[in-house]
Protein chains: 2
Amino acid sequence: MARTTPTGGPKKGSVTLALVAQRAGVSVQTVSNALNSPGLLAPRTLKRVQEAISELDYRPHQAARSLRTRSSRLIGYGIQPQPNGLSTPVLDDFLHALSDSADKAGYRVLLFAAPVGADDEADRYDELLREHSVDAFVLSGTYRGDRRPGWLHKRGIPFVAFGRSWSARDTGDWVDVDGAHGTAAAVDHLVAAGHRQIAFLGWPRGSGVGDDRAQGWREAMRRHELPVRDLRVSSLNDVDAARDAVGRILAKATAVVAASDTLALGCYRALRDSGRSPGQDVAVVGFDDSPAAGLLSPSLSSVRQPLEEVGRACTRQLMSRINDPQADPEHVLLTPELIVRESSAAVLPH
Amino acid sequence: MARTTPTGGPKKGSVTLALVAQRAGVSVQTVSNALNSPGLLAPRTLKRVQEAISELDYRPHQAARSLRTRSSRLIGYGIQPQPNGLSTPVLDDFLHALSDSADKAGYRVLLFAAPVGADDEADRYDELLREHSVDAFVLSGTYRGDRRPGWLHKRGIPFVAFGRSWSARDTGDWVDVDGAHGTAAAVDHLVAAGHRQIAFLGWPRGSGVGDDRAQGWREAMRRHELPVRDLRVSSLNDVDAARDAVGRILAKATAVVAASDTLALGCYRALRDSGRSPGQDVAVVGFDDSPAAGLLSPSLSSVRQPLEEVGRACTRQLMSRINDPQADPEHVLLTPELIVRESSAAVLPH
DNA sequence: GGGTGAGTTTTGATCGATCCAATCAACGAG
DNA sequence: CTCGTTGATTGGATCGATCAAAACTCACCC
């Protein structure tokens with residue numbers, strides 16, 4: 001079917017195991033074994049079968065396999081609808097990375113719409129599981145009180161979360177990026193450039209991710225024996241809100257570490273509003289290295305999450321979890337990288 | 001299975017048609033008909049069967065259906081690996097919209113890695129088709145000389161492209177956004193604000209999308225009887241390249257329409273390098289309304305593509321094409337919206 | 001020379017839904 | 001009272017792969 005040469009192609013629709021078997025002069029089961037447990041075959045037979053397979057350009061039919069084995073080589077990924085046109089570049093990049101590495105492992109990613117915390121949330125997962133025999137799920141954007149990990153774990157369904165399970169009992173595998181390490185690295189970098197009054201602009205307490213990033217800043221400050229009093233402010237993840245919030249600390253800080261690039265942008269605004277210039281008068285470091293960071297003027301230093309690695313780690317964990325559903329949960333914590341740009345490049349006079 | 005009430009749940013694994021049939025006191029075939037051709041059943045029987053279905057929380061097993069019917073309710077979408085970490089927010093937003101609207105139509109999006117123009121490009125599509133019985137494909141980022149539309153069309157495989165097929169014969173369905181209309185709207189807006197020297201910063205000729213956007217600018221300028229001579233420059237889609245390229249026209253232009261937000265950013269840089277300020281001294285309008293646009297200072301006016309609508313239109317076209325593979329190709333051209341922000345808000349003195 | 005057994009290969013049943021053709025019931029026309 | 005017709009329902013056969021278990025092929029040993 002791949003080559004529609006009018007000359008020799010098979011007339012009927014599809015190339016099946018039976019056809020390959022006939023061509024190779026063996027039984028269907030032998031061909032199946034050639035694919036799934038090649039070790040069982042005598043070398044000569046194996047070679048003959050493999051030749052027949054490639055000559056006919058045979059492709060196993062997943063539906064048939066899936067019907068028998070109840071596994072589909074599919075990984076479910078619920079994309080949550082954006083609140084209001086707000087896109088989440090980090091998760092999209094992650095999805096790319098995930099899909100790439102899953103594809104290399106012979107798996108495909110199946111998208112479905114997952115309502116954020118709806119009552120029938122579990123139903124969507126159940127549906128995918130039973131209709132499509134999905135082998136595993138990848139969760140992203142887990143939050144405190146997220147019921148999905150528990151639900152999946154209880155049922156013994158393989159899954160990996162991108163993001164620690166911040167809930168009380170941590171159950172199931174996850175891969176995450178060490179946000180605290182990222183903000184700490186930012187502090188170290190700023191200290192090395194001569195800063196001593198380094199503020200943190202974060203999100204309201206209670207969002208695992210945000211608290212983690214705040215924690216990194218706090219500990220790094222303590223390590224450098226620098227005060228943190230009155231140097232922390234919180235704001236929703238919105239440029240204008242951040243601009244308003246950051247005002248009061250810009251008087252006493254020479255540098256700001258922000259929990260996101262959006263917050264950092266708010267910082268830019270606040271500085272410009274007060275006639276000062278980001279990067280020159282006050283250093284700013286963001287988080288996530290969103291596409292915009294490199295484009296800004298001055299370009300924004302930011303902490304980049306190693307999303308390709310996260311994707312690979314997720315795939316790796318899924319594979320081993322699929323092979324051994326009973327194994328103990330594994331956790332992978334990856335280290336982000338500080339990208340230094342103009343906004344924090346200036347060195348303070350000593 | 002959804003409710004794991006220990007009381008009455010079925011012992012064995014899955015709820016099948018046979019089980020439902022038994023419960024409703026009819027044959028399997030009748031249950032199948034209840035789902036696929038309800039009109040065939042007597043109202044009373046239909047009701048009885050439907051009750052049994054919902055009581056048992058029956059879910060049809062796609063693999064079994066697919067094995068028989070060779071259709072899977074899956075839509076293939078090849079995500080191309082980013083050249084070098086460069087993310088494409090527009091395509092990601094589109095993917096969200098597509099997945100959402102497909103989901104509502106009972107279809108799911110299946111991701112796979114599609115090498116950009118490799119020799120075995122077609123093989124990946126063929127693979128998905130034969131292994132997963134994908135019902136249709138969605139193409140994005142089509143380019144001049146793209147062989148995928150022709151390949152799919154020749155084989156009678158349903159597909160929709162997001163983006164006109166810029167090649168000679170346009171073959172197959174597509175949905176696209178009227179880029180020319182977008183740049184024309186930008187020109188109109190700038191003219192209304194008093195500008196007369198309006199430059200266009202585009203990509204090198206030859207990229208369907210880019211030429212289309214340039215065309216819109218040119219025609220709008222002619223309509224307003226304004227000169228275009230020496231007001232067009234080209235650059236690769238890179239901030240620094242754009243900054244360098246735009247230099248020579250910033251002397252004679254009071255406004256710039258750019259073919260992308262990235263190019264517009266290059267414009268910002270060039271202006272600042274020469275001591276002028278975007279929005280104040282020279283108006284700038286970008287294209288795509290990337291997340292960064294609203295965050296910049298000054299915020300960047302930009303032409304927004306109606307991606308939700310594009311997604312819906314793609315799904316709609318796919319559905320009708322799946323129902324009638326022979327029908328004539330349809331084309332949908334949607335109108336983008338100019339989002340006016342600070343970078344083009346100032347009105348020139350008369 | 002038949003039994004033993006490891007190594008290969010084959011046979012038959014099975015997964016769950018849909019296709020096609022056949023059956024059954026009801027009813028009015030001849 | 002039988003026949004034909006329409007409408008509703010049912011009975012196998014089937015899609016293409018995998019599983020479990022049987023069967024075959026040798027070489028080897030008592």
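Order of the sequence lines sets the chain letters (A, B, ...), proteins ahead of strands, with each chain counted from 1.
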### Message
Could you check whether B:Y77 and B:S140, counting side-chain N and O atoms only, form a donor-acceptor pair closer than 3.5 Å?
### Response
yes
Scan B:T45 against the nucleic acid and name what it touches under 4.0 Å (heavy atoms): base, sugar-phosphate only, or nothing.
sugar-phosphate
query = Relative to each other, are the rings of B:W174 and B:H331 parallel, tilted or perpendicular (30° and 60° limits)?
reply = parallel
note: A:I53, atom CD1; D:dA17, atom C1'; distance rounded to Å ~ 13 Å
Anything under 3.5 Å between a donor and an acceptor, one on a side chain of residues 38-51 of chain A, the other on a protein residue two or more places apart or in another chain? List them.
residue: A:R48; atom: NH1; partner: A:A24; partner atom: O; Å: 2.6

With distance as the sole criterion, is a donor-acceptor pair present between the side chains of A:S101 and A:T315 under 3.5 Å?
yes
note: A:L40, atom CG; D:dA21, atom P; distance rounded to Å ~ 16 Å
Rounding to the nearest 10°, end axes of the helix from C:dG1-D:dC30 to C:dG30-D:dC1 built from five pairs each make an angle of 80°
Taking N or O atoms only and anything under 3.5 Å, show me the protein contacts with nucleotides 23-27 of chain D, one pair per line.
none

Nucleotide by nucleotide, nucleotides 10-20 of chain C touches protein heavy atoms under 4.0 Å in the pattern (B base, S sugar-phosphate only, - none) BB--BBBBBBB
The complete set of salt bridge (Lys or Arg N to Asp or Glu O under 4.0 Å) pairs with one or both residues in residues 16-37 of chain A, sequence neighbours excluded, reads A:R23-A:E55
Result for side-chain contact (heavy atoms from CB on, under 4.5 Å) between B:L111 and one of A:L110, A:L95, A:L98, A:D100 points to A:L95
Give a yes or no on whether a salt bridge exists between B:R108 and A:E127, defined as a side-chain N under 4.0 angstrom from a carboxylate O. yes
Applying ring pair (Phe, Tyr, Trp, His ring centres under 6.0 Å) to A:Y125 and not counting sequence neighbours gives A:F112, A:F137
Is there a side-chain contact between B:L139 and B:L152, using heavy atoms and a 4.5 Å cut-off? yes
**Crowding at CD, B:E121 (>12 non-hydrogen neighbours, <6.0 Å)** = yes
